[in-house]
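Convention: sequence-line order gives letters A, B, ...; per-chain numbering from 1. Every heavy atom of this structure was used, including side-chain atoms; hydrogens, water molecules and symmetry mates were not.
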Amino acid sequence: MPDPRPRKLQIQSKMNNRITRDVYHQEVVKLARTLLGKVFVRMDGNTRLSGMIVETEAYLGIPDKAAHTVGGRRTPRNESMWQDGGTLYVYFTYGMHHCMNIVAEQADEPVAVLIRALEPMDGKEVMYTRRKVAKKDRDLCSGPAKLCQALDITRDQDGIDLVTDSKIWIEDHGIKIPGKNIATGPRIGIQYAEEWADKPYRFWVKDHPCVSK
DNA sequence: AGAGTGATCATG
DNA sequence: ATGATCACTCTC
């Protein structure tokens with residue numbers, strides 16, 4: 001449904017609803033659920049690229065055998081996970097893909113939320129130019145590496161602070177996903193994680209077409 | 001179901 | 001220095 005307000009007012013209101021530090025300081029599983037329905041924004045020059053978060057996964061840090069920080073591992077790659085809640089953690093994998101996480105809780109608590117899918121909103125034309133294989137809007141951001149390609153998120157953005165950065169942030173548009181519309185299941189691609197592989201730390205908006213397959 | 005792709009890190 | 005691994009995507 002289109003926003004009936006004048007465009008100038010729409011933009012202004014969007015500027016004023018950036019998520020603040022206290023939200024990121026939540027316990028990581030709670031943050032993974034909270035982020036559903038929030039809007040991720042990336043300014044690409046003067047072009048606003050954005051999408052509503054519809055799928056997330058929580059990574060619980062030191063005890064979590066699926067997390068990059070398992071066992072307290074601290075390396076140049078995962079350094080951002082050790083920073084304060086609200087930091088962006090971007091990693092590169094399989095020789096060609098980037099994925100992005102939202103760091104949760106306090107500094108030195110290396111937990112994060114993987115963003116797995118967005119419903120594209122602003123800047124879809126630009127996203128299509130980056131994702132050549134996309135045929136429909138739902139192909140643009142329906143996977144953790146797809147959305148990074150669509151939004152041009154790379155290691156260059158690793159470590160930025162979503163609370164203060166001038167190009168990248170997350171907004172609250174007042175969209176509340178009721179608990180009964182949130183589906184839960186095991187995380188994807190972590191079969192090696194033994195007893196942690198089956199834990200229900202993946203969350204998505206039930207029946208949403210933009211969720212990853 | 002298999003290939004692609006190269007940074008990353010533990011090992012020595 | 002070396003080699004195994006990989007929080008994925010695409011095509012078949």
### Query
Under 5.5 Å between ring centres and under 30° between planes: does that hold for Y94(A) against the base of dC6(C)?
yes
### Task
Answer yes or no as to whether dA7(B) has its base stacked against F92(A), where stacking requires a ring-centre separation under 5.5 angstrom and planes under 30 degrees apart.
no
Contact class for [X] (heavy atom, under 4.0 Å): base, sugar-phosphate, or nothing?
{"X": "T93(A)", "value": "base"}
{"X": "R187(A)", "value": "nothing"}
{"X": "M81(A)", "value": "base"}
{"X": "I190(A)", "value": "sugar-phosphate"}

Taking the side chain of [X] as its heavy atoms from C-beta onward, which of [options] lies nearest to it?
{"X": "R73(A)", "options": "dC9(B), dA10(B), dC10(C)", "answer": "dA10(B)"}
{"X": "A145(A)", "options": "dC10(C), dC8(C), dA7(C)", "answer": "dC8(C)"}
{"X": "Y59(A)", "options": "dC10(C), dT9(C), dA7(C)", "answer": "dA7(C)"}

Please give, in whole Å, the distance from [N] [atom2] to [X] [atom1]?
{"X": "Q149(A)", "N": "dC8(C)", "atom1": "CD", "atom2": "P", "value": "15 Å"}
{"X": "L140(A)", "N": "dC10(C)", "atom1": "CG", "atom2": "P", "value": "11 Å"}
{"X": "R130(A)", "N": "dC10(C)", "atom1": "CZ", "atom2": "C1'", "value": "20 Å"}

### Summary
Re dT5(B): Watson-Crick or G-U wobble partner, both distances kept under 3.5 Å, found to be none
### Task
Just name whichever nucleotide pairs with dA7(C), Watson-Crick or G-U, keeping both distances under 3.5 Å, else none.
none
### Task
State the CG-CG distance between L140(A) and D137(A), to the nearest 0.5 angstrom.
6.0 Å
### Task
State yes or no: do M43(A) and I53(A) share one hydrophobic cluster built from I, L, V, M, F, W and Y residues joined by side-chain heavy-atom distances below 4.5 Å, directly or via other members?
yes
#### Entry: Ring geometry between Y89(A) and Y91(A) (parallel below 30°, tilted from 30 to 60°, perpendicular above 60°)
tilted
### Message
By nearest heavy atom, map V133(A) and G189(A) onto DNA chain C; which one lands nearer the 5' end?
### Response
G189(A)
### Task
Could you tell me whether a side-chain N or O of N17(A) sits under 3.5 Å from a main-chain N or O of D172(A), the two making a donor and an acceptor?
yes
### Message
Looking at S50(A), is its backbone amide N or carbonyl O close enough to the side chain of R42(A) to form a donor-acceptor pair, meaning the two atoms are under 3.5 Å apart?
### Response
no
### Task
Identify, between R155(A) and M96(A), the residue whose nearest nucleotide on DNA chain B lies closer to the 5' end.
M96(A)
